[in-house]
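For clarity, every value in this text was computed on a predicted model and none was experimentally measured. Lettering follows sequence order; numbering is per chain, from 1.
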Amino acid sequence: MKIDKNYKPNKIEQKIYKLWEDEGYFKPQINRSKNPFVIIMPPPNANNALHVGNAVAIAIEDIMIRYHRLKGEPVLWVPGTDHAGIMTQVVYERELAKKGKSRFDLGRNEFYKQTYAFTMKNRQVIRDQLKKLGASCDWTREKFTLDPDIKESVYETFKRLYGDGLVYQGERIINWCPRCQTALSDLEVVYKEEQTKLTYIKYPVVGSGDFITVATTRPETMLGDTAVAVNPKDKRYKKFLKNKTLLKLPLTDRIIPLIAAKEVDVDFGTGAVKVTPAHDPLDFKIGREHNLKIIQVIGKDAKMTAKAGKNYQGLATKECAKKVILDLKKLGLLAGQTDYAHSVGVCERCRTTIEPLVSKQWFIRTKPLAEAAISAVKSGKIKFYPKRFEKIFYHWMENIKDWCISRQIWWGQRMPVWRCKKCSNIAISKERPKKCKKCGSKDFVQESDTFDTWFSSGQWPFLVFGWPRQTRDFRYFYPTTVMETGWDILFFWVARMIMLGIYCTGKPPFKYVYLHGLVRDKDRQKMSKSKGNVVNPLEVVDLYGSDALRMALVFGSGPGNDIIISEEKIVGQAHFINKIWNAARFVLLTIQQEGADFLKKKKESFSFSKNDKLFFDNLARLLKEVDSCFNEFNFHKAAEKIYKFFWHNYCDRTIEDTKRRIKEAKRPEDKEAAEYVLYYGLVNMLKILHPFVPYVSESIYQMLPKRDKKALIIENWPREKDFKL
RNA sequence: GGGCAAUUAGCUCAGUGGCUAGAGCGCUUCGUUCACAUCGAAGAGGCCGCAGGUUCAAAUCCUGCAUUGCCCACCA
């Protein structure tokens with residue numbers, strides 16, 4: 001036998017993956033007498049190649065999957081990809097822009113077709129990458145969120161929600177992205193700090209020389225004011241409130257009332273707030289409570305509408321603000337400006353400033369769903385690792401607001417909503433309804449909106465099993481065991497899966513939630529293309545191998561903590577992989593040279609030394625520790641313990657000790673005892689190493705002269721009694 | 001405004017009541033015909049953020065403070 005002096009990942013990894021895949025080791029045997037271990041892979045977005053964050057998830061999930069497979073449980077890991085609504089639309093629109101085109105040049109159908117082809121290409125890239133990373137997932141069950149059967153299931157969920165009164169259409173103030181031209185949920189808005197001015201404007205009191213001064217960061221919205229509000233407890237304004245004061249809205253010919261609203265902060269600005277129900281969430285709320293008119297002065301294009309008045313119509317909001325200030329100054333109604341720092345909402349995907357607008361959208365009534373989700377966690381049916389995220393989860397769930405699920409984009413699942421042209425009655429149906437149930441008309445128009453991408457991914461753990469059909473897979477594999485993902489999508493995804501899972505299936509979709517952190521560079525900087533510190537997982541794999549990357553990602557990264565990754569760390573782990581390779585090389589070459597007669601003999605016939613017993617005792621202890629690390633989701637600890645034990649116990653002590661004994665042995669039973677320790681020490685180490693470094697361990701296993709199974713991946717996890725000498 | 005986390009060697013982190021506080025990387029010295037120089041042996045390097053408290057005993061538990069990072073919120 002010839003063995004390379006160093007581990008060469010490129011030469012080996014592809015061959016090993018093919019062996020596993022061809023033998024069908026990733027596909028579980030359904031066995032009703034055993035509980036399966038199931039993970040649904042968080043589906044990567046099909047608009048790009050994998051990034052290092054995906055690699056973290058893959059590494060951790062594959063570690064769990066391989067461990068439980070070795071334990072003899074039926075394991076299933078379901079791969080898939082997400083169409084990733086807005087993000088993908090933005091990405092593909094950028095592609096089009098490079099050719100000087102927009103989606104409107106293509107039209108809805110052609111745009112969808114091209115984007116679909118684009119995601120299919122990415123899907124193939126992602127598949128290849130997952131394989132390179134060693135993901136032992138069941139490819140026969142792979143899914144995409146736009147597969148026809150998935151879409152049908154999503155429609156069914158929507159239909160049920162609608163039937164139960166948990167989904168409704170309504171005019172509400174929503175977050176509008178003027179660039180994406182769509183409504184967004186609250187979660188899809190991120191805030192960034194901005195230096196701006198606080199503008200003070202005097203509103204004349206009708207029938208007196210008095211003024212009420214308001215403060216605003218957005219002077220242009222005053223054109224849509226329908227009231228001014230003060231806190232009822234504010235002494236300064238008591239007499240005005242008592243007299244039912246009316247105010248003349250400057251720059252318009254409107255008369256608006258002064259009203260009392262407890263939401264107004266006495267200490268902010270002048271204590272008087274201009275109320276623009278059409279363009280501010282708080283004002284919208286106050287407006288509803290006081291039956292105020294909603295006057296939309298800003299359009300979906302972020303320009304002033306006709307209702308803003310002739311002088312302002314068509315201006316961009318910023319331009320309009322300047323003009324309003326100028327005009328107020330002329331009238332002597334500008335009471336001054338001060339510097340002010342506040343945060344502005346921007347679109348999570350394209351960073352355009354969000355325009356709050358009143359618009360007709362579809363919402364999910366989340367309160368009842370959230371209550372069920374909270375109690376699933378409170379009762380321990382779902383457990384979070386690390387536990388601290390439970391508190392964060394509760395806080396969000398307890399303050400949840402209705403979820404806007406309609407998007408005015410083209411890429412995604414079009415809502416199965418049909419409106420009768422004659423009587424406006426709504427029918428929920430996958431296909432065009434035959435006849436309106438109310439008026440009998442056959443004339444329908446389909447809702448042009450698509451679903452929020454998280455509406456479908458929020459159902460992923462049961463969609464992949466064919467729900468609502470009670471398939472064999474659904475009955476056996478659902479609920480799943482562990483949901484492993486990044487904490488950054490706790491609300492976006494995990495929370496929604498729990499709500500929709502319980503609603504649709506009556507059961508929480510998983511038992512454990514394991515949340516990993518964000519990947520950062522060694523200066524704790526977030527990775528971004530502009531900083532140039534992005535680690536491309538596939539480049540790392542090409543250079544150092546998949547095993548080294550996996551180790552580097554789990555080593556030293558506790559649950560929920562940021563994951564620090566650097567070239568040095570990966571190199572260090574590549575050294576470890578090489579160490580494993582070389583230890584095996586030594587063992588295999590040694591026993592080959594010595595004839596390996598010990599393999600045919602019973603261990604009772606060898607005379608073991610004190611060190612031999614000590615080594616196996618220590619190995620038994622390692623095994624116990626590793627098992628308990630897995631039970632507590634402490635993969636980093638398990639990795640560190642195994643690393644240390646292999647290198648400093650097995651290599652530095654046991655190999656050195658046995659090496660000497662084999663050389664100096666006087667009696668064959670002494671030599672054979674040493675060989676036994678060397679060999680079975682290695683075999684058992686390989687099993688324990690395998691979840692973390694599957695490629696190098698399997699490639700060594702394939703070279704063993706004596707093995708119980710065809711492959712290490714399906715071996716039996718060691719038991720303590722295997723270590724009794 | 002509310003909340004969460006972190007703070008231990010130059011760097012990245014272990015260590016949740018009990019020997020002299022540990023590991024990897026880095027650094028210093030020595031060592032290769034022996035599996036691996038992608039290696040081995042030895043070594044230097046710590047007021048465990050600060051201040052109190054509980055305890056026979058505190059890096060570890062409690063209180064306060066500081067610094068850093070993050071999350072949430074209708075900051076007009």
Original post:
Heavy atoms, side chains only, cut-off 4.5 Å: are A/D280 and A/R218 in contact?
Top reply: no

**OP:** Verify, without hydrogens or angle tests, whether A/K641 (side chain) and A/V626 (backbone) share a donor-acceptor contact under 3.5 angstrom.
**Re:** no

**OP:** Please confirm whether the backbone N or O of A/V541 pairs with a side-chain atom of A/S546, one donor and one acceptor, at under 3.5 Å?
**Re:** no

**OP:** Scan A/N582, A/D547, A/N6 and name whichever one has a side chain to side chain contact (heavy atoms under 4.5 Å, CB included) with A/I577.
**Re:** A/D547

**OP:** Using the P atom as the reference point in each nucleotide, state the distance between B/C11 and B/C30 in Å, no decimals.
**Re:** 27 Å

Original post:
Considering only the P atoms, how many Å lie between B/U16 and B/A21, rounded to the nearest integer?
Top reply: 16 Å

Original post:
Listed by chain and number, what are the ring-ring contact (aromatic ring centres under 6.0 Å, His included) partners of A/F491, not counting sequence neighbours?
Top reply: A/W396

Original post:
Rounding to the closest angstrom, what is the interatomic distance between B/A44 and B/C25 at atom C1'?
Top reply: 16 Å

Subject >> Backbone N/O of A/F240 and side chain of A/T245: donor-acceptor pair under 3.5 Å >> reply: yes

Subject >> Sugar-phosphate or base contact per nucleotide [nucleotides 67-72 of chain B; S, B, -; heavy atom under 4.0 Å] >> reply: ---S-S

**OP:** With heavy atoms under 4.0 Å as the rule, sort A/K401 into base, sugar-phosphate or nothing.
**Re:** sugar-phosphate

Original post:
Does the gap between the ring centers of A/F635 and A/F630 come in under 6.0 Å?
Top reply: yes

Subject >> Polar side-chain atom of A/R254 near backbone of A/L249 as donor-acceptor pair, under 3.5 Å >> reply: no

Subject >> Audit row: A/K637, A/E625, side-chain contact (heavy atoms from CB on, under 4.5 Å) steps and yes/no >> reply: CA-CA 9 Å; A/K637 273 193 202 167; A/E625 287 171 352; over 6 Å; no

Original post:
For RNA chain B, what residues of residues 192-199 of chain A have any heavy atom nearer than 4.0 Å?
Top reply: none

Original post:
Under 4.5 Å between any side-chain heavy atoms of A/R550 and A/V693, yes or no?
Top reply: no

Original post:
Picking from A/Y680, A/F615, A/F645, what satisfies ring pair (Phe, Tyr, Trp, His ring centres under 6.0 Å) with A/Y650?
Top reply: A/F615

Subject >> Test item: A/T270 side-chain N/O and A/T213 main-chain N/O as donor-acceptor pair under 3.5 Å >> reply: yes

Subject >> Most 5' of A/D186 and A/D265 on RNA chain B, judged by nearest nucleotide >> reply: A/D186

Original post:
Should the ring pair A/F633 and A/Y514 be called parallel, tilted or perpendicular, given that the plane angle runs from 0 to 90° and is split at 30 and 60?
Top reply: parallel

Original post:
Does NZ or CZ of A/K274 fall inside the cone over A/Y203's six-membered ring, less than 6.0 Å from its centre and within 45° of the axis?
Top reply: no

Original post:
Cut-off 3.5 Å, side chains only: do A/Y385 and A/E484 have a donor facing an acceptor?
Top reply: no

Subject >> C1'-based separation of B/C48 from B/A42 [nearest Å] >> reply: 26 Å

Original post:
Which value, in whole Å, describes the distance between the C1' atoms of nucleotides B/A66 and B/A51?
Top reply: 10 Å

Original post:
Just by protein heavy atoms under 4.0 Å, how would nucleotides 18-37 of chain B read 5' to 3' in B, S and -?
Top reply: ------S---------BBB-

**OP:** Tell me what A/N399 touches on the nucleic acid: a base, only sugar-phosphate, or nothing, going by heavy atoms under 4.0 Å.
**Re:** nothing

Original post:
Does any N or O in the side chain of A/Y237 come within less than 3.5 Å of the main-chain N or O of A/G271, such that one atom is a donor and the other an acceptor?
Top reply: no

Sub-3.5 Å pairs of nitrogen or oxygen atoms, protein against nucleotides 15-17 of chain B:
unit_1: B/G15; atom_1: OP1; unit_2: A/K637; atom_2: NZ; d: 3.2

**OP:** Quote, to the nearest angstrom, the P distance that separates B/U28 from B/C50.
**Re:** 30 Å

**OP:** Could you check A/K391 against A/G558 and say which one's nearest nucleotide on RNA chain B is further toward the 5' end?
**Re:** A/K391

Original post:
What stem regions, each of at least 3 consecutive Watson-Crick or G-U pairs below 3.5 Å, can be found for RNA chain B?
Top reply: B:1-7 with B:66-72, B:10-13 with B:22-25, B:27-31 with B:39-43, B:49-53 with B:61-65

